[in-house]
Amino acid sequence: MYDPTVARLTYRALLGRRRALILGALPLLLIVIAVVVRALTGADDQTAVNVLGGFALATMVPIIGVIAGTGAIGPEIDDGSVVYLLSKPLKRPTIILTKLIVAIAVTMVFSAVPTLIAGLILNGNGQQIAVAYTVAALVASIAYAALFLLLGTVSRHAVVFGLVYALVWEALFGSLVPGARTLSIQQWSLAVAHKVAGGDLVTSDVGLPTATVLLVLVTVLATWYAGQKLRALTLAGEE
């Protein structure tokens with residue numbers, strides 16, 4: 001279910017010069033913010049939660065997920081080069097799963113690592129805040145990559161739809177409409193962070209059992225449906 005050649009081509013597409021610069025911009029900004037905030041306010045647990053929750057998990061992780069998830073397959077479908085890949089004797093689920101693994105790895109590296117660094121800068125991992133948000137970023141990376149890979153498979157406007165979900169649904173409606181938070185990957189990952197950190201600094205509107213089920217469900221269903229859509233695309237091309 002994993003093909004090294006597909007993985008190598010996907011890594012090359014995602015980590016090209018232009019896309020790598022885009023992927024690296026937000027993590028660098030997070031670390032700069034962490035350094036400035038620490039210099040101005042000193043080590044403070046609530047400030048660390050505000051920065052890691054308000055910028056890292058709410059903005060940086062989903063945007064990187066959009067770039068990595070849609071970029072893993074969307075451009076190949078748009079320019080037609082996916083036909084070459086589909087002509088190879090590879091199972092369609094293998095292609096999707098390989099691209100998902102690459103998208104998850106890229107999202108994790110560019111989101112979880114800088115989150116940990118920023119957390120250590122902000123408060124030295126006091127009350128396990130840095131580790132908690134790092135784990136949340138890792139968990140969220142899986143679900144975001146799967147969801148946005150699916151969007152890249154089904155739509156030519158996947159980046160737009162992904163940004164709408166990440167920045168409008170989760171950031172805007174999630175802050176204004178309590179019910180919307182239940183359908184938020186950010187809140188599901190915060191439930192995991194709450195369990196790691198303990199205490200009341202890191203909170204979520206979703207319980208851990210519910211969050212775990214929803215994270216697994218979204219990841220599995222998105223991956224399965226992306227494979228189905230790719231199979232349908234193959235059949236259409238063959239006809």
Side-chain angles (χ1 to χ4, degrees), residues 10 13-33 50-79 82 96 99-100 102-115 118 133 136-190 205-206 214-215 218-219 221-223 225-226 229-230:
T10 307
L14 287 179
L15 300 178
R17 181 177 301 177
R18 180 180 301 178
R19 200 177 295 271
L21 289 174
I22 297 174
L23 285 169
L26 284 175
L28 180 60
L29 178 59
L30 172 64
I31 293 174
V32 170
I33 290 173
N50 292 341
V51 173
L52 297 180
F55 182 77
L57 197 61
T59 301
M60 182 187 72
V61 179
I63 290 179
I64 291 176
V66 169
I67 297 171
T70 61
I73 195 169
E76 292 176 311
I77 294 178
D78 290 343
D79 62 21
V82 72
I96 288 296
K99 287 182 173 294
L100 175 62
V102 172
I104 289 173
V106 170
T107 306
M108 284 182 171
V109 169
F110 282 91
S111 61
V113 173
T115 297
Y133 276 99
L138 290 170
V139 170
S141 294
I142 300 173
Y144 280 131
L147 178 62
F148 298 138
L149 179 66
L150 171 61
L151 285 178
T153 306
V154 302
S155 174
R156 292 181 179 271
H157 307 289
V159 174
V160 175
F161 290 139
L163 290 176
V164 167
Y165 172 80
L167 301 181
V168 177
W169 177 262
E170 290 204 337
L172 181 59
F173 283 95
S175 62
L176 299 176
V177 183
R181 299 170 191 165
T182 306
L183 300 177
S184 167
I185 293 174
Q186 177 189 341
Q187 290 296 323
W188 305 341
S189 60
L190 278 173
D205 292 331
V206 183
L214 290 173
L215 283 166
V218 165
T219 302
L221 288 180
T223 305
Y225 192 59
K229 294 300 292 185
L230 194 63

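The backbone N or O of V206 sits nowhere less than 3.5 Å from a side-chain atom of Q187 that would complete a donor-acceptor pair. Within the 3.5 Å criterion, the main-chain N or O of L183 finds a donor-acceptor partner in the side chain of W169. Judged purely by atom type and a 3.5 angstrom limit, T59 has no side-chain atom pairing as donor or acceptor with the backbone of A56. Under the 3.5 Å distance criterion, the side-chain polar atoms of S111 are matched with a main-chain donor or acceptor of T107.
Considering only heavy atoms from C-beta on, L26 comes within 4.5 Å of F55 through its side chain. L23 places a side-chain heavy atom less than 4.5 Å from the side chain of L15. Between L57 and L190, some side-chain heavy-atom pair lies under the 4.5 Å cut-off.
The distance from atom CD of Q186 to atom CG of D205, rounded to the nearest 0.5 Å, is 10.0 Å.
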Quiz: residues 61-77 side-chain donor-acceptor pairs under 3.5 angstrom, not counting sequence neighbours:
unit_1	atom_1	unit_2	atom_2	d
T70	OG1	V66	O	2.5
E76	OE1	K99	NZ	2.7

Check your understanding: Checking side chain to side chain contact (heavy atoms under 4.5 Å, CB included) for the pair M60/T115: CA distance, chi angles, key distance, verdict?
Key -> CA-CA 9 Å; M60 182 187 72; T115 297; 3.5 Å; yes

Practice item. Assess whether side chain to side chain contact (heavy atoms under 4.5 Å, CB included) is satisfied between L221 and Y225, documenting all intermediate values. Key: CA-CA 6 Å; L221 288 180; Y225 192 59; over 6 Å; no

Practice item. Assess whether side chain to side chain contact (heavy atoms under 4.5 Å, CB included) is satisfied between L149 and I96, documenting all intermediate values. Key: CA-CA 8 Å; L149 179 66; I96 288 296; 4.1 Å; yes

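Heavy atoms only, all atoms of each residue included: L138 and M108 are closest at O-CE, 3.4 Å. Of all non-hydrogen atoms in L215 and A143, the two that sit nearest each other are CD2-CB, 3.8 Å. Here the closest heavy-atom approach between residue F161 and residue S155 is recorded as CE1-OG, 3.3 Å. Looking at every heavy atom in both residues, I185 comes nearest to Y165 through N-OH, 3.3 Å.
Under the rule for a side chain to side chain donor-acceptor pair (under 3.5 Å), the partners of Y144 that lie at least two apart in sequence or sit in another chain are E170.
Applying the salt bridge (Lys or Arg N to Asp or Glu O under 4.0 Å) rule to pairs touching residues 57-69 yields nothing, sequence neighbours excluded.
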